[in-house]
2 protein chains.
Amino acid sequence: MARAATTSDAFNAIAEPRRRAILTLLVARERPVNEIVSELKLDQPSVSKHLRVLRDVGLVRVRCDGRQKFYRTQAEAIRPLHEWAATFERYWSHQLNRVKERAERAAAQESKSTPHTGGKDDD
Amino acid sequence: MARAATTSDAFNAIAEPRRRAILTLLVARERPVNEIVSELKLDQPSVSKHLRVLRDVGLVRVRCDGRQKFYRTQAEAIRPLHEWAATFERYWSHQLNRVKERAERAAAQESKSTPHTGGKDDD
DNA sequence: ACATTACATGCCCATATCGGAATATGTCAA
DNA sequence: TTGACATATTCCGATATGGGCATGTAATGT
């Protein structure tokens with residue numbers, strides 16, 4: 001087997017930096033393809049292919065008007081990502097708290113004696 | 001060119017479902033490799049390879065003790081992902097609000113006449 | 001009808017991937 | 001030293017990718 005298809009998942013789809021750029025560009029308002037091309041300075045077939053991937057995983061929607069197609073980010077599709085990442089939030093808070101506490105202890109010590117070896121801490 | 005390396009980015013690294021599983025498993029407490037193997041029912045070389053990728057992008061840290069290596073999720077490394085996704089939060093809220101408003105208007109109308117064509121709404 | 005505009009798709013190629021199996025490295029124990 | 005245990009790395013093959021370029025298709029204008 002090889003890597004999972006880019007279209008298999010929102011996680012796989014957003015791994016590509018240009019696709020993230022496209023999503024960012026299209027979140028505020030819909031835009032026709034040529035505008036994405038000129039704005040991000042990619043060539044048109046490339047943009048179309050990226051849009052295809054994003055479309056396949058529901059990260060963008062299209063509205064057709066004459067010969068133009070207006071794409072727009074489907075923000076809800078990013079939510080699962082956000083929620084998955086949020087799962088880890090309390091843990092990085094923990095770590096930050098530990099760092100903070102240590103800094104505070106160090107500062108308290110600093111004003112008394114200036115030691116060079118801190119107390120024995122985890123991580 | 002091919003797809004960007006899995007080790008090029010946290011975004012690329014977490015595209016793989018098993019790597020996400022590993023991160024989830026290792027966030028609460030550190031574990032030796034064999035425990036990851038038995039817990040997730042993957043074979044050992046596979047786990048070692050995934051850990052290598054995660055390590056390369058700073059998503060896990062290792063502590064060596066004798067012949068064992070204890071891995072643990074480095075939660076901070078997931079933060080950029082969370083923040084990138086959070087960028088879109090207000091937009092999916094918007095959409096939800098619009099849906100909600102429409103539902104409320106519809107409900108209000110419902111109690112009066114039961115029309116079949118709503119007002120002209122965007123999206 | 002014909003040219004032009006706006007996108008989408010197809011083809012080729014170099015590359016990185018993941019799985020599987022084997023093997024290498026490193027540590028402890030007898 | 002020899003052997004068992006814990007983990008890492010390597011080689012292989014199949015596959016999907018993204019860039020570049022050409023071509024296809026649909027809608028508009030003249």
Side-chain angles (χ1 to χ4, degrees), chain A residues 1-23 25-26 29-73, chain B residues 1-23 25-26 29-73:
Chain A
M1 220 178 283
R3 227 200 282 200
T6 56
T7 54
S8 58
D9 214 279
F11 285 95
N12 280 280
I14 66 152
E16 170 64 53
R18 278 115 189 183
R19 283 197 286 265
R20 290 200 299 278
I22 291 174
L23 289 175
L25 182 64
L26 298 181
R29 58 183 171 84
E30 66 177 14
R31 299 190 197 238
V33 177
N34 63 32
E35 203 171 320
I36 307 173
V37 169
S38 58
E39 204 73 26
L40 301 182
K41 291 173 182 171
L42 301 172
D43 45 37
Q44 179 266 314
S46 183
V47 170
S48 277
K49 285 181 206 167
H50 284 314
L51 287 171
R52 177 85 164 109
V53 173
L54 293 172
R55 210 162 117 69
D56 282 355
V57 296
L59 280 165
V60 297
R61 301 191 74 195
V62 211
R63 182 178 65 86
C64 300
D65 181 43
R67 51 183 153 186
Q68 293 188 297
K69 300 201 177 177
F70 293 85
Y71 282 86
R72 185 178 181 176
T73 299
Chain B
M1 219 178 285
R3 228 200 281 201
T6 55
T7 55
S8 59
D9 215 274
F11 286 94
N12 280 280
I14 65 152
E16 169 64 53
R18 277 116 188 183
R19 283 197 286 265
R20 290 200 298 278
I22 290 175
L23 289 175
L25 182 65
L26 298 180
R29 59 184 170 85
E30 67 176 14
R31 299 190 196 237
V33 178
N34 63 31
E35 203 172 318
I36 307 173
V37 169
S38 57
E39 205 73 26
L40 300 182
K41 292 175 181 170
L42 301 171
D43 46 36
Q44 179 268 315
S46 182
V47 170
S48 277
K49 285 182 211 167
H50 285 313
L51 287 171
R52 178 85 165 109
V53 173
L54 293 172
R55 210 161 116 70
D56 283 354
V57 297
L59 280 164
V60 297
R61 303 191 73 195
V62 210
R63 182 178 65 85
C64 300
D65 181 42
R67 52 185 152 184
Q68 292 187 298
K69 300 202 176 178
F70 293 84
Y71 283 86
R72 185 179 181 176
T73 299

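Proteins come first, then strands; the chains are lettered A, B, ... in the order of their sequence lines, and each starts at number 1. Basis for what follows: all heavy atoms, side chains included, without hydrogens, waters or symmetry-related copies.
To the nearest angstrom, C1' of C:dG19 lies 11 Å from CD of B:E16. Counting to the nearest Å, the P atom of D:dT17 and the CG atom of A:N12 are 9 Å from each other. Atom-to-atom, CG of B:D9 to C1' of D:dT17 comes out at 16 Å; the value is rounded to the nearest Å. Between the C1' atom of C:dC7 and the CG atom of A:D65 lies a distance of 14 Å, rounded to the nearest Å. Atom-to-atom, CD1 of B:I14 to P of C:dC18 comes out at 13 Å; the value is rounded to the nearest Å. Across the protein-nucleic acid pair, B:E35 atom CD and D:dA6 atom C1' stand 13 Å apart, rounded to whole Å. The nearest whole Å value for the distance from the CG atom in B:L40 to the P atom in C:dG19 is 12 Å. The NZ atom of B:K69 sits 8 Å away from the P atom of C:dT27 (whole-angstrom rounding).
Nucleic acid contact class of A:R55 (heavy atoms, under 4.0 Å, all strands): none. Nucleic acid contact for A:S48: base, since at least one base atom lies under 4.0 Å from a heavy atom of the residue. Counting non-hydrogen atoms under 4.0 angstrom, B:Q68 reaches the backbone sugars and phosphates but no base.
Considering only side-chain atoms of B:D43, the nucleotide from C:dT15, C:dG20, D:dT9 that sits closest is C:dG20. Set against D:dA8, C:dC7, D:dG20, the side chain of A:P32 has C:dC7 as its closest nucleotide. Among the nucleotides D:dT15, D:dA16, D:dC5, the one closest to any side-chain atom of B:R3 is D:dA16. Ranking D:dA4, C:dC18, D:dG20 by closeness to the B:T6 side chain, first place goes to C:dC18.
Within the 4.0 Å cut-off from OP1 or OP2 of C:dC18, not a single side-chain nitrogen or oxygen of B:R18 is found. Residue B:N34 places at least one side-chain N or O under 4.0 Å from the OP1 or OP2 atom of D:dT7. Close to C:dT9, at under 4.0 Å from its OP1 or OP2, lies a side-chain N or O of A:R52. A close approach under 4.0 Å does occur between a side-chain nitrogen or oxygen of A:S46 and OP1 or OP2 of D:dG19. Using a 4.0 Å cut-off, some side-chain N or O of A:H50 falls inside it from OP1 or OP2 of D:dG19. One finds no side-chain N or O of A:Y71 lying less than 4.0 angstrom from the OP1 or OP2 phosphate oxygen of C:dA6.
Side-chain atoms of A:K49 and base atoms of C:dG10 include a donor and an acceptor less than 3.5 Å apart. One cannot find a donor-acceptor pair under 3.5 Å joining the base of C:dA6 and the side-chain atoms of A:Q44. A donor-acceptor contact under 3.5 Å links the side chain of A:R67 to the base of C:dT5.
Inter-residue side-chain proximity for A:N12 and B:R3 is flagged as met; some heavy-atom pair is nearer than 4.5 Å. Side-chain contact between A:V53 and A:I22 is absent, with no heavy-atom pair separated by less than 4.5 Å. Residues A:I36 and A:L51 meet the side-chain proximity criterion, which asks for heavy atoms closer than 4.5 Å. Looking at heavy atoms from C-beta onward, B:V47 lies out of side-chain contact with B:L40 at the 4.5 angstrom threshold.
Taking the salt bridge (Lys or Arg N to Asp or Glu O under 4.0 Å) definition, one finds that A:E35 meets it with A:R29, A:R31, sequence neighbours left out.
Of the inter-residue distances, the one linking B:D9 atom CG with A:E16 atom CD reads 10.0 Å to the nearest 0.5 angstrom.
In terms of position on DNA chain D, the residue among A:P45 and A:V53 whose nearest nucleotide sits closer to the 5' end is A:V53. Comparing A:R31 and A:A4 by the nucleotide of DNA chain C that holds the closest heavy atom to each, the one mapping nearer the 5' end is A:R31.
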